[in-house]
**Student:** 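Below are the structure tokens for one structure; questions will follow.
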Amino acid sequence: MAAPSGKAAMERHQSIDAQLRLLVPGKVSEDDKLVEYDALLVDRFLDILQDLHGPHLREFVQECYELSAEYETDRDEARIAELGSKLTSLSPADSIVVSSSFSHMLNLANLAEEVQIAFRRRSKLKRGDFGDEASAPTESDIEETLKRLVSELGKSREEVFDALKNQTVDLVFTAHPTQSVRRSLLQKHGRIRNCLRQLYAKDITADDKQELDEALQREIQAAFRTDEIRRTPPTPQDEMRAGMSYFHETIWKGVPKFLRRIDTALKNIGINERLPYNAPLIQFSSWMGGDRDGNPRVTPEVTRDVCLLARMMAANLYFSQIEDLMFELSMWRCSDELRVRADELHCSSKKSAKHYIEFWKQVPSNEPYRVILGDVRDKLYYTRERSRHILTTGVSDIPEESTFTNVEMFLEPLELCYRSLCACGDKPIADGSLLDFLRQVSTFGLALVKLDIRQESDRHTDVLDTITTHLGIGSYAEWSEEKRQEWLLSELRGKRPLFGSDLPQTEEVADVLSTFHILAELPADCFGAYIISMATAPSDVLAVELLQRECHIKKPLRVVPLFEKLADLEAAPAAVARLFSIDWYMDRINGKQEVMIGYSDSGKDAGRLSAAWQMYKAQEELIKVAKHYGVKLTMFHGRGGTVGRGGGPSHLAILSQPPDTIHGSLRVTVQGEVIEHSFGEEHLCFRTLQRFTAATLEHGMHPPISPKPEWRALMDEMAVVATKEYQSIVFQEPRFVEYFRSATPETEYGRMNIGSRPSKRKPSGGIESLRAIPWIFAWTQTRFHLPVWLGFGAAFKHIIQKDIRNIHTLKEMYNEWPFFRVTLDLLEMVFAKGDPGIAALYDKLLVAEDLQSFGEQLRQNFEETKQLLLQVAGHKDVLEGDPYLKQRLRLRESYITTLNVCQAYTLKRIRDPSFEVTPQQPPLSKEFSDKEPAELVQLNRGSEYAPGLEDTLILTMKGIAAGMQNTG
């Protein structure tokens with residue numbers, strides 16, 4: 001049988017290439033290496049598979065691939081039935097190996113794609129070709145953006161420079177359970193990428209090629225032999241360590257390297273001044289260990305631990321670099337200011353009785369920079385060790401005055417060195433490693449990242465209700481909004497303590513108050529914002545302000561209301577206006593406010609179209625309110641990885657935001673698997689920083705057009721229809737919940753152990769209590785993507801049937817309005833990934849007979865919506881304007897299909913133990929042929945399922961997630 005490797009794979013891949021070249025002549029470059037990369041990796045893997053498990057198992061995998069490929073070509077259900085029969089005939093051990101093999105091949109396909117994207121980008125940059133995919137508007141190249149703003153849009157160089165050095169993009173890493181690939185595997189994948197990249201280098205020798213090929217095979221085998229499955233859920237500390245590893249591996253050195261590229265880009269447009277080292281261009285924050293919204297595992301102790309761990313990691317990173325800087329700054333000429341400081345330090349060091357680092361014995365007084373930096377190194381050592389001691393034992397005998405307690409203390413000696421070098425004619429030296437180090441300190445501070453705290457508004461209400469009840473003044477929970485505000489403001493304006501140690505506390509109340517006490521105990525620079533989820537009114541914000549004061553937080557965190565549900569987004573402008581009308585609060589915020597908008601829950605509430613439009617309008621209105629009150633408003637976008645949760649290319653997302661809503665200040669979450677895709681490699685880190693920076697600058701200096709009144713009217717009408725359609729099915733259709741839980745692996749989602757947070761806010765309840773991540777994940781697994789497209793078709797159909805001329809208006813909106821175009825382009829990408837035939841298989845196997853017709857109706861809706869979308873976009877087929885993406889998706893389809901079929905039949909066997917499967921054949925693998933099933937690795941492990949089924953199911957989930965490149 002033909003294999004997905006070597007000649008057979010190349011023939012199939014080249015056939016896809018040929019079709020795409022016919023579809024869009026000249027669009028698919030002749031130097032495209034994706035087919036070659038993918039074939040090489042899979043070919044190496046299948047050789048390894050044969051060595052480990054024998055030729056019979058390899059042949060079986062190849063046969064499954066061919067059946068899947070034939071189905072993708074002719075959509076014949078007979079192929080699926082035959083494939084299902086083959087897969088259910090496997091022994092438990094073979095089933096695990098086969099599902100693991102296809103999951104692994106999909107990961108290899110993704111690695112091939114990543115290397116190809118980097119290769120194409122470099123090729124275009126070398127040729128100076130910024131057409132098509134690599135164009136500045138698409139990729140947001142920083143230098144091209146600067147040039148375009150000056151030469152095409154008439155901005156002065158000084159305007160551009162001023163805007164750039166004052167803008168801020170704050171990327172907020174979150175620990176949402178969407179990263180399905182274990183960290184140990186991600187590291188192996190990185191080494192596979194590096195081997196593949198080097199193999200295709202132009203100057204490679206024959207010996208180098210042989211050695212790299214051997215290394216590639218080793219890494220592929222090491223990845224395959226690593227257990228893909230997390231056997232226990234990660235703790236919040238585990239999630240934090242995983243997130244922080246990206247700083248160590250790519251971000252720490254990537255930031256100064258990126259800022260140097262901005263210096264170069266500025267120079268190339270005629271600005272002979274470097275970006276100031278303390279320009280707040282890129283900032284990083286985190287929710288890992290601070291996001292306690294519905295996560296009982298994030299305790300006050302966890303928050304304390306992750307803050308101390310991050311401070312220890314930051315000090316260690318600085319400490320590891322300071323010695324290199326000391327070797328570089330060996331010159332003796334210096335300013336009088338620095339000479340005096342160095343002499344003081346040198347003399348005082350000789351009188352000191354105790355040193356953790358005996359550095360002074362090595363540094364002569366005629367090397368003044370080394371003396372200054374030696375003191376910095378000592379303080380960094382003490383800073384790291386003090387954090388380590390407190391983290392492990394709760395106390396430290398290192399005095400605080402021996403450490404850096406704030407970033408200003410850290411920067412001061414470095415700034416002194418910089419000024420001295422410049423004064424002595426050594427500015428080129430100052431602008432070397434020292435400038436990079438200054439930029440790192442300015443970006444990362446002593447805390448590495450600032451930790452946001454997130455908590456539900458109801459938890460604060462419970463605390464205040466406990467207090468008012470104890471004081472005998474009534475039940476805060478039962479008061480009206482007006483009475484709550486009146487009481488909160490009277491307390492905020494007063495000075496008396498609100499409660500003492502005699503306050504009766506439930507476990508939940510104690511948890512909230514203990515969190516505030518931790519905020520008071522730790523250094524203020526550990527923390528960023530306090531996010532209130534499910535915020536609806538000014539009292540939600542004032543409550544947090546009062547609790548911060550009562551718990552003696554010296555530098556209160558800025559309080560950020562998060563508006564998530566559709567109704568809350570609609571009411572947000574009025575709520576914020578009421579907040580700004582309070583004199584006490586306006587004095588508190590000093591003209592600055594941050595508001596977070598949630599993409600996930602609003603999309604789950606009303607569907608993608610209505611949620612996107614409501615967020616667009618809410619931002620417009622919030623900006624108007626802020627301008628009226630003279631407040632600088634920063635929008636914090638809570639975006640997920642998938643389209644259904646606000647995901648998509650970051651540069652397009654920014655450029656499609658309403659005018660005036662960014663204005664050089666943006667916060668956005670980077671969630672789950674998106675962190676790996678954005679920062680997993682040095683070139684990905686660089687590209688991510690570039691995209692955010694360039695798109696934010698362009699949006700501020702050249703805002704997108706505002707929608708015409710007739711466009712708004714049409715969108716308002718479409719949103720009403722879309723919401724009605726979506727909610728009538730998801731929340732009002734009595735059959736829906738049963739259908740959803742039958743037709744998807746939603747109930748089995750928790751077995752993946754991919755996050756520390758429970759999948760539901762409440763243990764009981766229906767769709768409304770389910771978190772957005774498993775809601776999206778379940779539909780992604782079956783390739784049906786219902787939460788994304790449901791409602792669009794009804795909206796399009798209504799508008800077109802109402803007046804056929806509206807089709808021309810919709811096309812005008814698509815061609816001229818960035819928001820509408822991005823919304824529809826992302827929807828088109830989702831349809832390209834979807835397959836109603838696969839969804840029908842799940843229905844056939846898993847859904848009760850009386851619900852079959854309901855599933856068929858939904859699939860008809862899917863097809864009708866896709867056709868209407870293509871009509872509006874003016875396309876004959878999905879992704880006809882993006883042949884590269886279409887090629888990448890088609891190359892992955894055959895791997896995904898096998899996993900889908902395997903998953904559907906595995907779910908059937910789990911849920912219906914009486915299901916008759918194809919008679920089991922003898923073990924195919926030579927590794928397992930002489931063993932009994934009970935002896936085999938990973939088969940039982942306490943699972944209530946039959947041997948092998950749980951591992952097989954989880955492996956299919958992880959593989960499909962890899963193939964779709966979206967989990968939640």
**Student:** Could you tell me if Ser678 and Arg691 have a donor-acceptor pair between their side chains, going purely by distance under 3.5 Å?
**Tutor:** no

**Student:** Using side chain to side chain contact (heavy atoms under 4.5 Å, CB included) as the criterion, point out the one residue from Asn861, Leu869, Thr823 that pairs with Phe792.
**Tutor:**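 The single option meeting the side chain to side chain contact (heavy atoms under 4.5 Å, CB included) with Phe792 is Thr823.
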
**Student:** Could you walk me through whether Arg712 and Glu620 pass the salt bridge (charged side-chain N to carboxylate O under 4.0 Å, His left out) test, one step at a time?
**Tutor:** CA-CA 13 Å; Arg712 286 182 179 277; Glu620 289 182 316; 2.6 Å; yes

**Student:** State, to 0.1 Å, how close Ala109 and Tyr895 come at their nearest heavy-atom pair, and which atoms those are.
**Tutor:**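 The answer is CB-CE1, 4.4 Å.
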
**Student:** So, for Met534 and Glu564, which heavy atoms are closest and what is the spacing to 0.1 Å?
**Tutor:** N-OE2, 3.1 Å

**Student:** Give a yes or no answer on whether the side chain of Gln727 reaches the backbone of Asp605 with a donor-acceptor pair at less than 3.5 Å.
**Tutor:** yes

**Student:** State, to 0.1 Å, how close Asp825 and Tyr814 come at their nearest heavy-atom pair, and which atoms those are.
**Tutor:**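 Where Asp825 meets Tyr814 most closely, the heavy atoms are OD1-OH, 2.6 Å.
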
**Student:** Identify whether the distance between the nearest side-chain nitrogen and carboxylate oxygen of Glu812 and Lys708 falls below 4.0 Å.
**Tutor:** yes

**Student:** With Phe740 as reference, evaluate Tyr842, Phe731, Trp775 under the ring-ring contact (aromatic ring centres under 6.0 Å, His included) test and give the passing residue.
**Tutor:** Trp775

**Student:** Specify the closest pair of heavy atoms between Leu907 and Pro745, including all atoms of both residues, with the distance to one decimal.
**Tutor:** CD1-CB, 4.0 Å

**Student:** Donor-acceptor pair, Thr661 side chain versus Pro658 backbone, under 3.5 Å?
**Tutor:**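 Yes: the side chain of Thr661 pairs with the backbone of Pro658.
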
**Student:** Between the side chains of Arg148 and Glu698, is the shortest nitrogen-to-carboxylate-oxygen separation below 4.0 Å, so that they form an ion pair?
**Tutor:** yes

**Student:** What's the shortest heavy-atom distance between Ala626 and Leu633, and which atoms?
**Tutor:** CB-CB, 3.7 Å

**Student:** Report yes or no: does Thr780 contribute a side-chain atom to a donor-acceptor pair with the main-chain N or O of Ile776 at less than 3.5 Å?
**Tutor:**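 Judged by distance alone, yes, a pair lies under 3.5 Å.
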
**Student:** Gly963 and Arg892: which non-hydrogen atoms are nearest, and at how many Å?
**Tutor:** O-NE, 2.7 Å

**Student:** Step by step, work out the side chain to side chain contact (heavy atoms under 4.5 Å, CB included) result for Ile597 and Phe636.
**Tutor:** CA-CA 6 Å; Ile597 55 173; Phe636 183 5; over 6 Å; no

**Student:** For the pair Arg735 and Asp850, find out whether any cationic side-chain nitrogen is under 4.0 Å from an anionic carboxylate oxygen.
**Tutor:**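 Salt bridge between Arg735 and Asp850, a charged N being under 4.0 Å from a carboxylate O: no.
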
